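Positions are given from 1, in the same order as the sequence printed here. These numbers come from the heavy atoms of this one structure, side chains and all, not from hydrogens, waters or symmetry mates. Bear in mind the structure is a predicted one, so any value in this text is a computation, not a measurement.
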Amino acid sequence: MIRGDSMDKKLGFGFMRLPLLDKDNQTSFDYDKLNSLVDMFIERGFTYFDTALTYHGGKSEEALRKSVIERYPRDKFTVATKLPPRVLKSYDDQEIIFNKQLERCGVDYFDYYLIHNIGESAYKQAKEFKTFEFTAEKKKQGKIKNVGMSFHDKPELLDDILTAHPELDFVQLQINYMDWENPAIQSRQCYEIARKHNMSIIVMELCKGGNLAAVPERAEKLMKSAEPNMSVPSWTIRFAAGLDGVMMVLSGMNAIEQMEDNTSFMTDFKPLSEEEIEITKKAAEIINEENSVPCTGCRYCIDGCPMNIAIPECFSLYNNSKRPNMVSNSSHNVYYLNLITKNGRAGDCIGCGQCESVCPQHIDIIDRLKDVSEIFDSVPPLSTKVPD
């Protein structure tokens, strides 16, 4: 369980999808917008900021330092960052990375430190390099206040890990009303395992990379008929935040409208009623009928792709192209052709499986890229001829 001060407000600011000056450059942060978001977040009494070693091309921690740490006193915020075992080559690498993270974030200690993206293979690496022991030692030294892990795998493995490591203070899980009974994600089962071990829970991927921020019209009508003044994203955030044992829910807010909305209903938080929970079940059924590939855009699949395929963008275009109310694919074709000027085509996939081994959503990426290729790789290239 979490050690230290309890937190009254459960909304955390995720630094995974920050506002950019250039959408094709993940490190081109729009600091004017970001600082405005941070200011509103802190002014409304929220404190939790979540980043990671790998977010935004390795520059998210630096963005956190510039937008938060250098602009506010230390008692106004708490910092969470993460170490992915997949980047390690030796035990000593952890000390080097950890010290660089302290420097990049501009802090003397981390309030929350997570062993990142744990699944079967990452757990093996964490055991090999004694990552759990390393973080426990840093906690003894006062460099970490609370140690946890983010988890993306089966509930049986989660049970094994929490049994082996009762010293953990918390676990970060993917929970939303879409994934609650999703057989690939198994949110409910993982949540129940965490509670069995009396673990405090932080929730990630509330909106599944934005997929639950704009739902099909039928699902939105259900929500608006029950709560006309509540936004669509509020349903999934309140769903997770109302669960017993959930201490924090993370939202990757990159627009002031999102910040205003999320902080408005999380300032005086009220969980969903039983009737509202039933509405989320019906909404999930509707969305499942219309969404083809359950990609959240986390971008873990990008690193190491030998063909440099922009997999999340390919799936986003594919999902949009498969909407039942889609009339024309012309705009998606243009986006795809622009995309492949700097990246491989979906059809360039060689089936190496690197992407599938790290996908938190357990998507059959190789097969689904073939589906993308069938739609988009036959599109003729954009003309380079100057119009008359």
Open item on the list: Please report the interatomic distance SG(Cys301) to CD1(Ile365), rounded to the nearest 0.5 Å.
Closed with: 5.0 Å
Open item on the list: Just to verify, what does His362 make a ring-ring contact (aromatic ring centres under 6.0 Å, His included) with, not counting sequence neighbours?
Closed with: none
Open item on the list: I'd like to know if the side chain of Ser357 and the backbone of Gln354 have a donor-acceptor N/O pair within less than 3.5 Å.
Closed with: yes
Open item on the list: For the backbone of Ser316 and the side chain of Asn319, can you confirm whether one donor and one acceptor N or O come within less than 3.5 Å of each other?
Closed with: no
Task: Main-chain N/O of Asn35 paired to Ser67 side chain as donor or acceptor, under 3.5 Å - done: no
- [ ] Could you tell me whether the side chain of Phe170 reaches within less than 4.5 Å of the side chain of Met248, counting heavy atoms only?
- [x] no
Open item on the list: Can you pull out every salt bridge (Lys or Arg N to Asp or Glu O under 4.0 Å) where at least one residue sits in residues 189-214? Sequence neighbours excluded, please.
Closed with: Arg17-Glu205, Asp159-Lys196, Asp179-Lys208, Arg188-Glu192, Arg195-Asp244
TODO: Hey, could you give me the CD/CG distance between Glu220 and Leu222, rounded to the nearest 0.5 Å?
DONE: 10.5 Å
Task: Pairwise side-chain contact, Val171 with His197, heavy-atom cut-off 4.5 Å (strictly under) - done: no
Open item on the list: Within the 4.5 Å heavy-atom criterion, are Gln258 and Leu37 side-chain neighbours or not?
Closed with: no
Open item on the list: Ignoring hydrogens, what is the shortest heavy-atom contact between Ala241 and Val246? Give both atom names and the distance.
Closed with: CA-CG1, 4.2 Å
TODO: Any salt bridge (Lys or Arg N to Asp or Glu O under 4.0 Å) involving residues 23-40? Give me the pairs, sequence neighbours left out, ordered by first then second residue.
DONE: Asp39-Arg71
Task: Residue list, side chain to side chain donor-acceptor pair (under 3.5 Å) with Glu275, at least two apart or on another chain - done: Ser273
Open item on the list: Are the side chains of Glu167 and Val147 in contact, using a 4.5 Å heavy-atom criterion?
Closed with: no
Task: Inter-residue atom distance Lys76.NZ - Thr47.OG1, 0.5 Å rounding - done: 10.5 Å
Task: Remaining members of the apolar cluster that contains Ile302, side-chain heavy atoms under 4.5 Å - done: none
Open item on the list: Distance check, rounded to the nearest 0.5 Å: Ile118 atom CD1 versus Phe132 atom CZ?
Closed with: 5.0 Å
Open item on the list: The criterion is ring-ring contact (aromatic ring centres under 6.0 Å, His included); which residues satisfy it with Phe239, sequence neighbours excluded?
Closed with: Trp180
Task: Distance-minimising heavy-atom pair for Cys295 and Pro312 - done: SG-CA, 3.9 Å
Open item on the list: Donor-acceptor pair, distance only, cut-off 3.5 Å: does the side chain of Thr51 make one with the backbone of Thr81?
Closed with: no
Open item on the list: To the closest 0.5 Å, what do you measure between NZ (Lys10) and CG (Leu243)?
Closed with: 8.0 Å
Open item on the list: So, applying side chain to side chain contact (heavy atoms under 4.5 Å, CB included) with Tyr112, which one of Asp169, Thr78, Val79 is it?
Closed with: Thr78
- [ ] Would you indicate whether the side-chain heavy atoms of Leu20 and Phe29 approach each other to under 4.5 Å?
- [x] yes
Task: CD/Glu217: more than 12 non-hydrogen atoms of other groups inside 6.0 Å - done: no
TODO: Check for a donor-acceptor pair, side chain of Ser28 on one end and backbone N or O of Asp22 on the other, with a separation under 3.5 Å.
DONE: yes
Task: Sidechain-backbone polar pair: Lys9 side chain, Arg44 backbone, donor-acceptor under 3.5 Å - done: yes
Open item on the list: Given 3.5 Å as the limit, does a donor-acceptor pair link the side chain of Ser60 with the main chain of Phe15, or not?
Closed with: yes
TODO: Flag the pair Leu212 / Ile287 as yes when at least one side-chain heavy-atom distance between them is below 4.5 Å, and no otherwise.
DONE: yes
TODO: Would you confirm whether Thr267, through its side chain, and Thr263, through its main-chain N or O, come within 3.5 Å as a donor-acceptor pair?
DONE: yes
Open item on the list: What's the separation between atom CD1 in Ile115 and atom NE2 in His165, rounded to the nearest 0.5 Å?
Closed with: 7.5 Å
Open item on the list: Quick one: does any side-chain atom of Ser264 pair with a main-chain N or O of Asp261 as donor and acceptor, under 3.5 Å?
Closed with: yes
TODO: Using the salt bridge (charged side-chain N to carboxylate O under 4.0 Å, His left out) rule, pick out the option among Arg74, Lys145, Lys143, Lys139 that qualifies with Asp111.
DONE: Arg74
Open item on the list: Strictly by side-chain hydrogen bond (donor to acceptor under 3.5 Å, both in side chains), give each pair with a member in residues 119-134 just once, sequence neighbours left out.
Closed with: Gln94-Thr131
Open item on the list: For Ala52, is there any backbone N or O sitting under 3.5 Å from a side-chain donor or acceptor partner on His116?
Closed with: no
TODO: Would you please name every residue forming a ring-ring contact (aromatic ring centres under 6.0 Å, His included) with Phe41, sequence neighbours left out?
DONE: Phe13, Phe46, Phe49
Task: Heavy atoms of other groups near Asp75 CG, more than 12 under 6.0 Å - done: yes
TODO: Determine whether Pro155 and Ile193 make a side-chain contact, defined as any pair of heavy atoms from C-beta on separated by less than 4.5 Å.
DONE: yes
TODO: Could you pull out all residues at least two apart from Thr280 that satisfy side chain to side chain donor-acceptor pair (under 3.5 Å)?
DONE: none
Task: Residue pair Asp364 / Glu356: nearest heavy atoms and the distance that separates them - done: C-OE2, 3.4 Å
Open item on the list: In terms of relative ring orientation, are Phe98 and Phe134 parallel, tilted or perpendicular, with 30° and 60° separating the classes?
Closed with: perpendicular
TODO: Kindly state each residue pair satisfying salt bridge (Lys or Arg N to Asp or Glu O under 4.0 Å) with at least one member in residues 45-57, sequence neighbours excluded.
DONE: Asp50-Lys82
Open item on the list: Just so I know, are the side chains of Met259 and Val38 near enough to count as touching, which here means a heavy-atom distance under 4.5 Å?
Closed with: no
Open item on the list: Once salt bridge (Lys or Arg N to Asp or Glu O under 4.0 Å) is applied, what residue pairs with a partner in residues 88-100 remain, sequence neighbours excluded?
Closed with: Glu95-Lys138
Task: Connected hydrophobic set around Tyr300, excluding itself, where side chains approach under 4.5 Å - done: Met16, Tyr55, Val358
TODO: Check Ala310 against Leu339 and note the closest heavy-atom contact, atom names and distance.
DONE: CB-CD1, 3.8 Å
TODO: Say whether Ser292 and Arg368, considering side chains only, have a donor N or O and an acceptor N or O under 3.5 Å apart.
DONE: yes
